[in-house]
Amino acid sequence: MRTITWNTADQCLSYIDQTRLPAEQVTVETQSVARLADGIRRLEARGAPALGVAGGYGVALSCLTHQNKETVTAFRDAVETDAALLRQTRPTAVNLGWGIDRVLRTALQEDTPATAFDAALREAQAIEAEDIALCHQIGAYGGALLPDTCTVLTHCNAGALACVEWGTALGVIRSAVEKGKKVSVISCETRPLNQGSRLTAFELHADGIPVRVIPDSAAAHLMQRGMIDAVVVGADRITPDAVFNKIGTYMHAICAHHHSIPFYVAAPYSTLDMTRKGMDVEIEERGRDELGFCGNRQLMPDDVETINPAFDATPLTLVTAIITDRGIFRYPYDELTHSDTGDAI
Ligand code: MRU
């Protein structure tokens with residue numbers, strides 16, 4: 001099943017509600033841009049590549065919603081307003097804005113609302129189809145890097161649920177397993193929203209790939225005991241100096257470096273953002289309740305404040321290789337800024 005797709009029969013967007021996993025498997029069907037924006041903010045739909053697809057379909061939904069505007073100018077203004085609403089839902093993942101802009105550009109070239117909707121939908125569907133192909137390409141390149149028998153640590157969820165299917169970091173693992181390698185996965189639970197225990201463990205277990213969940217704070221200990229052969233994570237944005245991924249990734253990279261364990265980042269080429277330095281990237285800050293409560297259970301005293309960044313920046317000096325659909329880029333990453341193809345092609 002696809003994480004996110006267009007429902008042609010009902011002319012609406014359909015995606016898995018990831019806030020309900022693993023207990024319930026519920027699909028959201030919506031024609032509302034506001035509903036989608038809220039769902040993205042609450043991480044019903046999440047993960048960088050899936051956000052690119054969601055953003056693209058969000059623009060298509062907007063075109064559908066505003067079919068009856070009196071003028072083409074009014075139609076375009078309304079779609080641009082919706083695109084801005086979607087764009088600000090999650091500021092760190094580059095793919096969200098990338099997907100929105102790509103479909104918006106296509107739609108705004110059209111002369112009528114009707115043709116704009118058709119073109120927007122086609123473009124969003126192209127992004128969805130491309131994502132599947134890209135993940136398999138990333139998997140093929142990255143799977144070859146893993147030893148025949150190994151234990152891989154991953155953080156957050158960079159799997160099928162973060163994409164359309166297959167995944168980036170988990171795509172690397174799936175492709176290696178498909179080639180007959182014996183890969184066992186250590187999934188960091190990924191506090192505070194537990195994408196590692198709720199989502200990564202869910203999808204790997206469903207596929208029959210051995211997976212064990214650890215507290216985030218156990219990663220260094222396992223590395224010290226020789227229990228981890230490689231780290232593979234996804235990315236929300238890659239700048240010329242850093243990889244942005246789920247908070248805690250930087251900590252794993254430092255530990256992996258200390259223990260001489262390869263640290264790989266798997267991401268589509270569209271996650272690269274060579275236009276800015278890491279320090280200029282906005283890090284999403286999330287609400288107090290994510291730390292203050294576990295369900296209904298209160299975890300900290302009233303009125304105590306929190307710091308809850310959703311992402312951190314891992315310097316490229318700590319990254320052994322970046323696995324993309326255009327090949328593998330390696331430290332010191334000169335090719336990243338000078339060429340759009342890596343060295344595995
Ligand atoms: O806050 P999330 O769950 O959207 O964060 C997701 C991650 O950090 C993933 O590792 C990243 O988006 C890569 S997904 C292929």
Side-chain angles (χ1 to χ4, degrees), residues 3-4 15-19 21 39-55 89-99 130-132 134-139 142 152-174 185 187-204 216 231-238 242-253 263-273 281-287 290 308-314 319 322-325:
T3 301
I4 181 163
Y15 63 86
I16 296 171
D17 179 351
Q18 301 192 33
T19 62
L21 289 171
I40 292 173
R41 230 177 265 119
R42 292 189 300 103
L43 272 58
E44 282 181 349
R46 50 146 299 278
L51 288 175
V53 179
T89 52
R90 299 208 69 194
T92 308
V94 72
N95 300 64
L96 176 62
W98 170 86
E130 284 165 23
D131 186 71
I132 297 170
L134 298 180
C135 283
H136 283 274
Q137 190 60 68
I138 290 167
V152 173
L153 180 136
T154 191
H155 189 71
C156 196
N157 173 266
L161 289 164
C163 305
V164 176
E165 53 179 61
W166 205 245
T168 55
L170 299 195
V172 167
I173 290 163
R174 285 195 166 96
V185 178
S187 175
C188 296
E189 63 170 345
T190 318
R191 284 284 294 149
L193 295 180
N194 288 77
Q195 290 92 330
S197 50
R198 290 189 306 105
L199 308 178
T200 293
F202 170 78
E203 58 171 277
L204 290 178
D216 300 330
V231 180
V232 187
V233 295
D236 286 84
R237 188 184 292 257
I238 300 173
V243 169
F244 289 79
N245 193 49
K246 180 53 57 192
I247 190 77
T249 302
Y250 178 30
M251 183 173 75
H252 299 318
F263 185 93
Y264 299 120
V265 173
Y269 195 78
S270 54
T271 304
L272 266 60
D273 172 13
V281 172
E282 182 184 351
I283 301 270
E284 178 184 346
E285 179 74 25
R286 297 193 58 88
E290 290 181 358
N308 188 16
F311 302 99
D312 59 24
T314 299
V319 178
I322 299 174
I323 307 156
T324 76
D325 46 292

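When a ligand or atom number is given, it counts from 1 through the structure's own listing order. Treat the numbers as computed from the prediction; the structure is a model and nothing was measured. Heavy-atom basis, side chains included; hydrogens, waters and symmetry copies ignored.
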Tell me if a side-chain donor or acceptor on [X] pairs with a main-chain N or O of [Y] at a distance below 3.5 Å.
X: D216; Y: E189; result: yes
X: T3; Y: A160; result: yes
X: T271; Y: I238; result: no

Nearest to [atom], what protein heavy atom do you find, and at what distance?
atom: atom 14 (S) of ligand 1; result: A162 CB, 3.4 Å
atom: atom 3 (O) of ligand 1; result: R46 NE, 2.5 Å
atom: atom 15 (C) of ligand 1; result: T168 OG1, 3.1 Å
atom: atom 5 (O) of ligand 1; result: K246 CE, 3.3 Å
atom: atom 9 (C) of ligand 1; result: N245 OD1, 3.4 Å

May I ask whether [X] has any heavy atom positioned less than 4.0 angstrom from an atom of ligand 1?
X: A235; value: yes
X: A93; value: no
X: L199; value: no
X: R90; value: yes

Out of all atoms in ligand 1, which are within 4.0 Å of some heavy atom of [X]? Include the element for each.
X: A48; result: 12 (O), 14 (S)
X: P49; result: 14 (S), 15 (C)
X: G47; result: 4 (O), 12 (O)
X: A158; result: 14 (S), 15 (C)
X: Q195; result: 1 (O), 2 (P), 3 (O)

Would you name the heavy atoms of [X] and [Y] that are closest together and state the gap between them?
X: G39; Y: Y15; value: CA-OH, 3.9 Å
X: T92; Y: E284; value: OG1-N, 3.0 Å
X: T154; Y: A169; value: OG1-CB, 4.2 Å
X: D312; Y: G248; value: OD2-N, 2.8 Å

Could an N or O of ligand 1 be found under 3.5 Å from any N or O of [X], whether backbone or side chain?
X: F311; answer: no
X: L43; answer: no
X: H155; answer: no

Knowing that exactly one of L170, I4, L199 qualifies, which makes a side-chain contact (heavy atoms from CB on, under 4.5 Å) with L161?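 Single pass found, and it is L199.
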
Please round to the nearest 0.5 Å and tell me the distance separating atom CG of N194 and atom OG1 of T200.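 Here the interatomic distance stands at 11.0 Å.
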
With backbone taken as N, CA, C and O and side chain as the heavy atoms from C-beta onward, which portion of C156 lies under 4.0 Å from ligand 1: side chain, backbone, both, or neither? side chain

Is the closest side-chain donor-acceptor distance between E203 and N157 under 3.5 Å?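 There is such a pair (donor and acceptor under 3.5 Å, judged by atom type) between the side chains of E203 and N157.
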
When the ring planes of W166 and H136 are compared, do they come out parallel, tilted or perpendicular, using 30° and 60° as the limits? parallel

Tell me the nearest of D236, T154, I40 to atom 7 (C) of ligand 1, using heavy-atom distances. D236

Is it true that atom CZ of F263 has more than 12 heavy atoms of other residues, nucleotides or ligands lying nearer than 6.0 Å? yes

